[in-house]
Structure formats: structure tokens, C-alpha cells
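Heads up: numbering here begins at 1 and tracks the sequence. Read the numbers this way: they start at 1 and go in the same order the structure lists the ligands and their atoms.
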Amino acid sequence: MNPLVRFEKQGNIAIVTIDNPPVNALSPGVPEGLEAAIARANADADVIAVVVIGAGRTFIAGADIKELEFAAWGQPAKLPALHDLLAHIEDSAKPVVMALHGTTLGGGLEVAMAGHYRIAAPDGVMGQPEVNLGIIPGAEGTQRLPRLVGVEKAIEMCVSGKPIPAKGALAAGLIDEIATGNLLESAVAFASHIAQSKTPLTRTRDRNDKLGTPEDSGELFSAGRALAGKLRRGAIAPLMAVAAIEAAVNFPFDEGCRRERELFAQCVASDQARALIHAFFAERGVAKVPGITKDTSVHSIAKVAIIGAGTMGGGIAMACANAGLQVLLRDSQRESLDRGMATIRKNYDVSVTRGRFTAAGVEERMQRIHPQMDYAGFEGADIIIEAAFEDMAIKKAIFAEIDAIASAGAILGTNTSTLNIDEIASVTKRPESVVGLHFFSPANVMRLVEIVRGTATANEVLATALAFAKKLNKVGVVAGNCPGFIGNRMMFPYMYEAQFVVEEGATPEQVDKALTEFGMAMGIFAVDDMAGIDVAWRVRKALGHFSEPGVRRPLVQDKLFEMDRYGQKTGRGWYTYGADRKATADPEVVALIRSMSAEAAIPQRSFTSGEIVERTVYQLINEGARILEEGYALRAADIDVIYINGYGFPARLGGPMMFADQAGLAKIAARTADFHAEFGQRWKPAPLLVRLAGEGKTFRDYDAERA
Ligand code: T1G
């Protein structure tokens with residue numbers, strides 16, 4: 001008996017249960033077990049129909065991504081060859097009803113589509129998320145899906161990778177029924193009815209009525225390619241998915257499947273698949289933290305108190321309210337509090353117009369946020385998050401106050417983006433309860449929270465902070481307590497280098513264009529304008545950047561600060577901004593850069609995009625290597641998760657460290673050494689980078705050796 005797939009009978013219906021926790025992935029043994037079960041049902045004269053269902057939390061969530069990872073890295077992999085299994089299911093003389101709950105994804109949906117019927121639990125979702133991994137459906141999904149839902153919907157699902165809910169699946173024709181009560185009972189009743197009414201069985205592969213002709217579908221394919229460019233700029237897989245669906249329309253089923261297999265093989269062998277599969281496991285690996293085990297106690301969090309109703313405090317309040325938590329939002333200034341609440345209301349109203357929340361849902365959320373000017377009720381908070389000005393004296397004063405009020409078990413978090421957690425904690429009598437919770441703006445949207453572990457931070461506090469991030473539907477990554485932690489510490493040299501490049505002859509617009517073409521969500525000058533040139537100025541002072549004699553100091557940023565060009569908030573920074581907040585290049589800024597560079601006698605030259613990327617992104621990598629070696633990041637993969645989720649680094653490149661691995665550490669180390677020779681100290685190659693490059697290894701190897 002195959003332990004992964006059970007065969008039972010309920011009357012004359014065979015129940016085939018896939019039981020491969022946690023998500024019933026199609027690991028070796030599952031396809032074999034399914035095929036055997038279908039054969040057994042067909043051989044059993046008592047059986048009139050088959051129901052296939054998943055045990056535990058879900059139907060099948062797809063192929064085993066571990067095996068895909070082996071394949072992507074060219075190692076021996078046991079990828080399921082599903083063609084025969086799916087044909088076998090479709091050819092079954094007895095009706096096969098797929099009973100779907102949880103997440104029916106990827107290969108799971110492909111198996112489901114080979115059944116004669118599909119019935120789903122009301123809260124089930126189904127999709128082809130393969131593009132998230134840099135691949136396309138590889139088990140005939142691009143051929144069966146358009147036959148069930150039509151070409152347009154199939155393209156939308158395969159290009160976006162977004163699952164659809166049961167209701168949408170029913171409307172689209174992907175499923176036949178939504179279960180009203182117990183899913184298994186409904187499926188058994190459905191299967192009995194089909195078998196007894198002797199309804200003729202149709203194989204999905206033969207259902208050509210929704211496919212249309214190549215002539216009518218031409219526009220849909222162009223629209224699909226445009227959608228791919230819009231949703232996933234620079235990604236190969238979505239375009240391949242469109243091509244595979246095109247083959248479904250242009251060729252007979254078997255030929256379409258052959259084409260899909262070819263395109264799938266190309267995707268699996270791509271740098272993008274390696275990068276995205278890395279990102280998938282990296283995100284799930286961040287929770288593995290020394291000192292935290294399954295037995296570490298995690299405090300439950302229901303009530304959050306936040307200090308500071310500015311951009312960060314307001315965004316954090318929204319993130320908490322969205323997760324169903326009660327929020328006390330304090331600001332000592334009436335005006336700031338009112339403005340903060342008005343901003344929250346405005347942001348929620350926009351979500352309603354965009355269809356993200358209903359008006360009633362927004363009211364519920366607003367009800368959860370209680371604005372106040374005092375500390376009333378703070379003693380009942382499970383976690384208190386300080387989101388005040390980035391100023392050590394202010395933060396210390398606040399921590400001394402909350403230390404006096406907070407309950408014994410409360411967690412004291414600070415949203416500092418750069419400052420020393422130990423110093424903040426030192427003013428309390430409970431440094432073990434203090435932890436950094438560095439959210440990213442807008443905090444209700446951005447997924448990253450850097451969780452900064454101070455010297456004294458207790459393991460339970462860290463574990464609770466990780467659980468809290470998860471509750472907010474965010475990814476929490478643990479960072480050590482160094483100035484700027486992981487993300488910002490890397491960003492400074494990257495940002496300053498971009499400014500040096502501009503002083504040497506490029507323009508902010510040209511640098512930003514090179515970076516966005518590389519794949520960054522925003523260029524660094526646009527980021528500086530968004531975060532605030534005044535904020536960057538304050539951080540520079542606080543961290544004592546450029547205080548060492550002899551280091552090159554960017555010329556223009558202080559000048560912009562003096563000119564009150566703070567960025568988006570003042571409508572002028574490196575760029576100018578109209579009412580639509582769109583950045584426009586400002587000739588005045590370019591002239592300022594040229595004149596300051598001339599005054600400093602900086603030789604002028606032209607730059608290619610490639611050089612701009614090397615000068616800037618290699619600074620990220622070099623600093624990342626230092627942080628890793630110094631132990632402030634637990635893994636290179638953690639750095640990648642931070643950059644993808646908090647800094648707009650393209651997931652298809654896998655994060656800066658994975659990008660470096662794939663570009664070749666020898667190349668990066670050599671270029672860094674060239675820059676060191678040319679520009680001096682700030683380009684000193686990180687010892688770890690030099691060592692790994694010399695040994696022909698990667699950051700990924702480094703992580704694996706230390707796992
Ligand atoms: N394979 C292997 N492991 C998987 C897995 C999978 N498909 N899905 C999840 N896991 C592990 C995950 O690493 C974690 O492990 C644990 O399960 C819980 O996951 C042929 C080629 C299903 C919605 O892309 O979207 O089919 O860290 O923490 O938030 O055409 O996981 O505990 O050790 O994410 O409840 C297509 C990916 C594959 C689905 C559950 N399928 N998974 O979310 O828990 S390609 C996917 C998810 C394919 C075919 C092609 C989510 C989830 P650990 P979790 P969750």
C-alpha cells in the first residue's frame with residue numbers, strides 16, 4: 001500500500017486520498033500512487049465512480065519545488081512525468097471527480113483538470129503560479145486550462161500567476177460545482193449522480209469549444225504579452241506561458257503538449273528560474289534563527305500600541321488593523337494625530353475605490369484604530385511600537401516613558417531604520433524585551449520587516465516579533481544591530497556611489513534609467529526623493545558618515561537639503577514633482593551638479609548603463625558580503641529576501657547576492673578590485689567576496705556550508 005495515496009471505498013464510490021504533508025506536493029510516490037488507485041478503481045467491478053481528494057489543509061499544491069530546484073541547478077531531479085498519469089485519469093471508463101480544497105496550485109490544478117469533473121470547497125483557490133518560480137505549467141496546464149476557461153482567462157491566470165477563488169472558478173468553467181456542506185460528502189453525492197445518470201464522459205483534451213481559432217485569438221495573445229510586460233517586466237516565463245497557450249490554439253492537443261514541454265525545459269534551465277526558486281525557499285528559510293526552536297514560547301498579540309502618527313506609525317497602524325488587531329495610536333501633537341488619522345482614512349478610501357476593501361471592511365478597520373494623545377490603555381498592550389522621529393534622544397525619552405507603563409510581558413519595539421537598539425534599550429529596565437521592528441514605507445503595503453536583535457533581546461521576544469510579522473502578512477527577517485542594520489547599511493554605499501557617478505558626468509535620470517532597466521522597482525534618486533532628502537541628511541549626521549578624513553564626500557545632497565529640496569514632500573528634490581507625483585528631470589539640478597563638479601575639478605565623462613549598474617549594484621553586493629561575514633545577516637539568502645521585499649530588487653534576479661552568484665563572484669570581485677585601485681578605500685573588496693571568488697564558490701555555497 002502506497003502511504004502517500006490511500007484507496008478506500010464508500011459504498012460503490014472509490015475515495016482516493018493524497019496524503020503528503022504539508023501541502024500534498026507531487027513528490028516521488030504521489031503520481032505513482034494516484035495512477036495505481038485509478039487503475040484499481042477501474043478494475044474493481046463494484047466501483048462506479050472515483051473521488052480524488054487531499055488530506056490535511058489542501059488538495060495538491062503542485063510539483064515538489066525541491067525537485068524543481070535540483071533540476072534548475074542541473075542536478076539529478078525526480079520531476080514527475082505526469083503525461084501518462086493525466087491520460088490515464090482522462091481515459092478512465094469510470095467518472096473521476098476531483099474534490100478541491102485549500103490551494104490547488106500548479107501541478108495540482110493540472111491533475112484536477114484531467115478529471116472529468118471538479119467540485120470545490122467554497123474557500124478553495126486554484127491557480128497556475130509557476131511564473132512565480134520562473135517556469136510555466138509543465139503538466140499540460142497550458143493545454144487543458146484554455147479548453148476549460150477559454151484563452152483569455154487562461155492567459156490571465158498563467159501570466160499573473162494569481163490563483164482565483166472557487167466562485168470565480170465556477171463562473172469561468174474551471175470547476176463544475178461549489179460544495180455546500182462537507183466537501184467529501186458533496187463529491188461522493190456528485191460522483192454517484194454522474195455514474196447513475198450514465199452521463200457520457202468527456203475528456204478535457206477533447207473539449208475544443210472554448211479554444212477559438214488562431215485568427216480570433218491573435219489579439220488575445222498580443223494583449224497577453226503586453227500584460228506580461230506590465231506585471232512582470234523583464235521576466236521570460238510569462239511570455240513562454242503565452243506561447244504555450246498559443247500552441248494549444250494552433251495545434252492538436254498532443255502537439256501542443258510537446259511544445260509546452262520544450263518551453264518548460266527552457267524555463268527550468270534559466271537563470272530566472274534558479275533565482276526565483278531560490279527566492280521561494282529563501283523567504284521560507286528566514287524563520288530559521290539560532291536560539292529559536294519549535295518550543296520557544298511565543299506571546300500572543302491582540303493589542304498593539306503605536307507611538308507617532310506620522311507616515312510610518314500610520315502605515316503600521318493600518319497593517320495591524322488589516323490583520324484584525326486592536327490599535328492605540330498615540331501622538332503628542334493634536335495636529336499630527338489629526339493629520340495621521342486623515343491620511344489613514346484617505347488611504348483606506350483609495351483602497352475602496354480600487355476594490356481592495358469594501359466600505360464596510362474599511363469601517364471595521366477604522367474602528368480598530370483608536371487615536372489618542374496620552375498613554376491611556378498602553379498598560380494593556382501586548383506590543384508597543386515606537387515610530388517617532390529618527391532621533392536617538394527622542395527615542396530614548398519615549399522608551400523611558402513606556403518602560404514605566406508597559407505590562408511585564410509586553411514587547412517594546414522601535415521602528416528605527418538605523419539607530420543602535422542597545423542604546424535605546426539601555427534606558428529601560430528590561431532590555432530583553434526590546435527589539436527593532438523596521439517597517440518599510442508604505443508600511444501597510446511593503447512586505448518586509450527587519451527584526452533587529454539587540455544584545456539582550458530574549459529569544460521569546462524575537463520569536464514573537466517573527467510571529468507578529470507573519471500575522472501582519474509580512475516577511476520578518478532577523479538582522480544584527482549594526483548601523484543601518486542590513487538593508488540601509490547596504491543602501492548607503494549604493495546611494496552615495498550613484499551620486500559620485502552623477503558628479504562624474506551622468507545625470508540622476510540616466511542613473512535611475514539604468515537601474516530600472518536592470519530591474520529595480522525605482523531608481524535610487526527617485527527613492528531618495530521619496531524617503532526624503534532631509535531624512536537622509538539627518539541619518540548621515542547621526543551615523544557620522546564622511547567624518548573620517550580623506551573620504552570622498554558627495555557634494556550635492558547637502559546643497560539640496562540647504563535649498564529645502566527635500567524630495568516628494570516639498571515637490572522638489574533630485575527631480576521635481578507635480579500634483580500627480582511623477583518625477584520630472586530638473587535642468588536646474590543638473591546644472592547645479594555640473595557646476596559643483598567643475599568647482600571640485602572632477603573630470604567629466606560619459607557612462608554606459610552597464611557601467612552605472614556595476615558602479616552601484618556592486619557596492620550593494622560588496623557591503624552585503626561584509627555584513628554576512630560579520631554575522632549581522634544570518635544568511636546571504638536573508639539579504640536577498642530583504643532586498644526583494646523592501647528595496648524593490650527584482651525577484652527574477654533572486655536578490656543582490658544571488659545576482660552576484662549568477663553573474664560570477666570572480667567577475668564581481670575583479671571589478672571591485674579595479675574600482676578599489678581607481679577610487680580607493682570605499683571600494684575595498686570584502687574579504688568574503690575575495691575568498692569565495694578565489695575558491696570558485698558562491699554565496700549560496702556559503703549558506704549551504706553553514707546550514
Ligand atoms: N513543493 C515543496 N514544498 C512546498 C511546496 C511545494 N510545491 N509548497 C509549499 N511547500 C513547503 C514550504 O517550503 C514550507 O516548508 C511548507 O510547505 C509550508 O509552506 C508540474 C512545475 C501552498 C500556498 O508554486 O504557494 O507544480 O518551510 O510556509 O503560507 O506544472 O506554500 O515548512 O519546511 O508557504 O500555508 C507550483 C507554492 C509548483 C505552490 C502554502 N506550486 N507554495 O502556503 O505555507 S510548480 C506552487 C505556496 C508546478 C507543474 C509545476 C504556498 C502554499 P517549510 P508555506 P503557507
Side-chain angles (χ1 to χ4, degrees), residues 4 18 20-31 34 54 56-72 77-86 100-114 123-145 154 157-158 160-165 237 240-241 244-245 257 260-261 263-270 273 276-289 292-294 447 466-467 469-476 635 637 641 651 707:
L4 302 172
I18 301 142
N20 182 26
V23 296
N24 293 328
L26 293 164
S27 322
V30 174
L34 255 175
R57 65 204 243 199
T58 188
F59 190 70
I60 302 167
D64 188 334
I65 302 173
K66 266 277 154 231
E67 298 297 334
L68 274 173
E69 186 177 37
F70 292 135
K78 298 196 198 88
L79 277 183
L82 296 175
H83 181 76
D84 289 347
L85 166 67
L86 301 186
L100 315 177
H101 76 294
T103 43
T104 300
L105 298 178
L109 182 56
E110 293 172 301
V111 168
M113 289 191 293
D123 57 356
V125 299
M126 38 233 86
Q128 298 286 174
E130 286 85 349
V131 284
N132 295 328
L133 302 170
I135 57 175
I136 65 169
E140 305 166 3
T142 61
Q143 308 303 302
R144 285 192 181 84
L145 188 60
M157 287 177 69
C158 292
S160 74
K162 261 199 165 134
I164 59 173
M240 297 284 212
I245 296 172
C257 291
E260 182 198 79
R261 272 197 294 280
L263 294 168
F264 176 83
Q266 282 176 36
C267 287
V268 170
S270 69
L276 286 159
I277 293 170
H278 160 76
F280 177 87
F281 285 117
E283 190 176 319
R284 283 156 184 83
V286 292
K288 297 184 184 99
V289 175
I292 297 183
T293 67
K294 276 208 281 301
R447 288 191 70 223
L466 281 160
K470 200 158 186 188
K471 183 150 196 164
L472 301 188
N473 207 7
K474 299 193 182 295
V475 41
R635 288 161 287 256
V641 174

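Of all atoms in ligand 1, numbered sequentially from 1 with element shown, those under 4.0 Å from a heavy atom of G62 are 26 (O). Near F280, with a cut-off below 4.0 Å to any heavy atom, the atoms of ligand 1 are 13 (O), 37 (C), 42 (N). Atoms of ligand 1 lying under 4.0 Å from at least one heavy atom of T103, given by number and element, are 22 (C), 23 (C). Those atoms of ligand 1 that come under 4.0 Å of a heavy atom in A139, given as number and element, are 30 (O). Within ligand 1, counting atoms from 1 as listed, the ones closer than 4.0 Å to a heavy atom of L105 are 25 (O), 39 (C). Within ligand 1, the atoms closer than 4.0 Å to a non-hydrogen atom of G106 are 26 (O), 36 (C), numbered from 1 in the order shown. Each of the following atoms of ligand 1 lies closer than 4.0 Å to a heavy atom of D64: 1 (N), 2 (C). Counting the atoms of ligand 1 from 1 in the order shown, those under 4.0 Å from a heavy atom of P22 are 16 (C), 17 (O).
Using a 4.5 Å heavy-atom cutoff, the side chains of F281 and K66 are in contact. Considering only heavy atoms from C-beta on, L86 comes within 4.5 Å of V111 through its side chain. In this structure, F264 and I135 have side chains that are in contact, with non-hydrogen atoms separated by less than 4.5 Å. Counting heavy atoms from C-beta on, the side chains of C158 and E130 never come closer than 4.5 Å. The closest side-chain heavy-atom distance from S27 to L4 is not below 4.5 Å. Counting only heavy atoms from C-beta outward, the side chains of R261 and E140 approach each other to under 4.5 Å. Within the 4.5 Å cutoff, side-chain heavy atoms of I18 are placed close to those of V30.
Of all protein heavy atoms, the one lying nearest to atom 33 (O) of ligand 1 is K288 NZ, 4.9 Å. Of all protein heavy atoms, the one closest to atom 50 (C) of ligand 1 is E130 OE2, 3.4 Å.
At least one N/O-N/O distance between A61 and ligand 1 falls below 3.5 Å. Inclusion of L68 in the set of residues having an N or O under 3.5 Å from an N or O of ligand 1 is not warranted. Between I65 and ligand 1, at least one pair of N/O atoms sits closer than 3.5 Å. In terms of polar-atom proximity, defined here as any N/O pair under 3.5 Å, R284 does make such a contact with ligand 1. For ligand 1, the polar-atom distance check finds no N/O of K470 at less than 3.5 Å from any of the ligand's N/O atoms.
The distance from the CG atom of L133 to the CD1 atom of I65 is 5.0 Å, given to the nearest 0.5 Å. Note that CG of L263 and CD1 of I245 are 11.0 Å apart. Values are rounded to the nearest 0.5 Å. We find the OG1-CE distance between T142 and M240 to be 12.0 Å, quoted to the nearest 0.5 Å. Atom CD of E67 sits about 11.5 Å away from atom CG of L26, to the nearest 0.5 Å. In this structure, C267 SG and E260 CD are separated by 10.0 Å, a value rounded to the nearest 0.5 Å. Taking CG of L105 as the reference point, atom CD of E110 lies at 11.0 Å (rounded to 0.5 Å).
At least one protein heavy atom sits closer than 4.0 Å to atom 54 (P) of ligand 1. For atom 13 (O) of ligand 1, the nearest protein heavy atom is under 4.0 Å away. At least one protein heavy atom sits closer than 4.0 Å to atom 41 (N) of ligand 1.
Counting heavy atoms only, I135 comes closest to atom 21 (C) of ligand 1 of the residues T104, V268, I135. Taking all heavy atoms of A63, P137, P129, G107 into account, the minimum distance to atom 38 (C) of ligand 1 is reached by A63.
Side-chain atoms of N20 come within 3.5 Å of backbone N or O of A25 as a donor-acceptor pair.
The part of L133 lying near ligand 1 is the side chain, judged by heavy-atom distances below 4.0 Å. With a 4.0 Å cut-off on non-hydrogen atoms, E110 touches ligand 1 through its side chain and not its backbone.
R57 counts as a contact of ligand 1, since one of its heavy atoms falls under 4.0 Å from the ligand. Ligand 1 has at least one atom lying under 4.0 Å from a heavy atom of V23.
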